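So the structure is just underneath, and the comments pick up after that.
The sequence lines fix the lettering, A, B, ..., with proteins before strands; numbering per chain opens at 1. Remember, predicted model here, so these are calculated numbers, not experimental data.
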Amino acid sequence: MPELPEVEVVRSGLQAWASEVQVAEHPIERVDVLHPRAVRRAEVDLRTHLVGARVRWVSRRGKYLWLPLVGSDSALVAHLGMSGQLLLVPVESPDERHLRIRIRFEGLTRELRFADQRTFGGLMTGALIPDGSGGHLPEQVAHIARDPLDPLLDLDATVHRIRSKDVQIKRVLLDQAVLSGIGNIYADEALWRARIHGRRPARSLPRAEVVGLIEHVRQVMRQALAQGGTSFDALYVNVNGSSGYFERSLQAYGREGEPCERCGSPIRRERFMNRSSYLCPRCQRPPRRR
DNA sequence: CATAGATCCTGTATGC
DNA sequence: TGCATACAGGATCTAT
């Protein structure tokens, strides 16, 4: 499921293509929407907005991607949801089974395709607004906090916000308005590394422990990024359709019953927030009374 | 306002 | 073999 490292792999793949073909010189000539659900928050028809527009570059915050358009103060915004893929493929390639949106550029041999099996993801256009630090971001992303790999992340403020929440720490990690880009997989990995049980109240954690947790989030995400991200199946792929291989490096997520790599205790799976959490019952002690 | 829970969606895996 | 059910989970909406 695409979290920050997987989305960043997609961003950098798109950006490499954008630079290589000088995409800003090739207006969008055609947009096909094959599934209405793939277009989100469409005040203006996606086709109307995009045809004739030119893409400047590819940006990201947390799990959101966006492509600012030349001279329009707006951007094409993408969220991959659970199973979304952004693919760059030759225009003559047959449609993917779950192809939802096709964007073709004048004079380019490859087109941008959005495919999405579970249709939780989508494309949309959004006005660009100031981000408070001299940059811009789409209105739909305004409520998303900076992510752990953002050089402008305010660590002190983030730690303070985390510790001010009256909820369990894993819930806070998954809150994109506090620290973005973290999903179920990297939340479990970082908590395992930090030896913190996800049900512990955020405000009970000493400051240093929260600082350490964020540092573990950063490390695991950097390592995953270096290996092209995590993918359990063909659902998550980069723009060329190939998978990352961080899955083999996971130490908690998906390892129910397998020995903890630190202490040997079997990794346990628990239900949490209507999904699964994987943790070491020995390294990650639960709070006294949940 | 803050927090908790339901909901959307489809392919795959599992159980009877 | 076939049908039913569980499961995967990010973001958004609704309820408390």
Side-chain angles (χ1 to χ4, degrees), chain A residues 1-8 10-11 34-43 60-66 77-86 95-101 114-124 126 137-145 147-148 160-191 198-204 217 221 224 229-237 243 247 250 252-257 268-279 290:
Chain A
M1 327 307 131
E3 302 179 32
L4 188 150
E6 294 75 37
V7 178
E8 173 57 21
V10 172
R11 188 208 63 81
L34 293 87
H35 193 302
R37 219 180 114 83
V39 180
R40 295 301 165 82
R41 305 193 197 189
E43 330 72 38
R60 181 190 59 72
R61 174 181 284 195
K63 303 169 194 170
Y64 276 89
L65 290 169
W66 67 93
V77 183
H79 196 291
L80 302 179
M82 287 276 302
S83 54
Q85 305 173 341
L86 284 169
D95 288 0
E96 288 74 16
R97 180 167 176 201
H98 300 291
L99 178 63
R100 308 301 189 197
I101 296 172
F114 178 69
D116 189 9
Q117 178 198 100
R118 293 176 203 171
T119 70
F120 278 21
L123 304 188
M124 59 210 119
L137 79 178
E139 53 191 339
Q140 296 94 336
V141 188
H143 67 292
I144 302 293
D147 60 62
H160 192 263
R161 277 206 74 191
I162 290 173
R163 298 184 69 229
S164 73
K165 289 280 182 180
D166 192 17
V167 278
Q168 298 140 316
I169 184 62
K170 181 168 177 182
R171 208 175 253 282
V172 182
L173 284 182
L174 296 174
D175 185 343
Q176 306 299 302
V178 175
L179 181 63
S180 71
I182 306 169
N184 204 36
I185 297 172
Y186 295 106
D188 279 1
E189 291 302 302
L191 288 166
R199 288 190 194 273
R200 284 175 63 188
R203 38 177 33 141
S204 75
V217 171
M221 285 187 165
T230 300
S231 81
F232 299 103
D233 49 39
L235 277 190
Y236 163 69
V237 294
S243 298
E247 193 258 337
L250 296 176
Y253 188 87
R255 297 191 66 243
E256 183 180 18
R268 181 180 296 166
R269 177 164 76 129
E270 297 181 355
R271 299 305 297 176
F272 182 74
M273 289 175 72
N274 239 352
R275 53 210 58 186
S276 293
S277 285
Y278 297 87
L279 55 93
R290 52 164 263 120

[X] side-chain N/O to [N] phosphate OP1/OP2 under 4.0 Å:
X: R203(A); N: dA2(B); result: no
X: Q176(A); N: dA11(C); result: yes
X: K165(A); N: dA2(B); result: no

Revision key, fill the gap. 5'-most contact on DNA chain B (nearest-nucleotide basis), N274(A) vs R171(A), goes to R171(A)
Review point. Of S164(A) and H35(A), whose nearest nucleotide on DNA chain B comes first from the 5' end?
Key: S164(A)
Which one, [options], comes nearest to the side chain of [X]?
X: L174(A); options: dG10(C), dC9(B), dC7(C); answer: dG10(C)
X: H143(A); options: dA11(C), dG11(B), dT12(C); answer: dT12(C)
X: H79(A); options: dA4(B), dG10(C), dA8(C); answer: dG10(C)

Review point. Can F120(A) be said to stack with the base of dA11(C), given centres closer than 5.5 angstrom and planes under 30 degrees apart?
Key: no
Review point. Applying a 3.5 Å limit to both distances, which nucleotide forms a Watson-Crick or G-U wobble pair with dA11(C)?
Key: dT7(B)
Exercise for review: Answer with base, sugar-phosphate or nothing: what part of the nucleic acid does Y64(A) contact at a heavy-atom distance below 4.0 Å?
Suggested key: sugar-phosphate
**Study point:** Atom pair distance, as rounded to whole Å: CZ in R61(A) and C1' in dA11(C)
**Key:** 17 Å
Review point. Any donor-acceptor pair under 3.5 Å joining the side chain of R97(A) to the base of dG11(B)?
Key: no
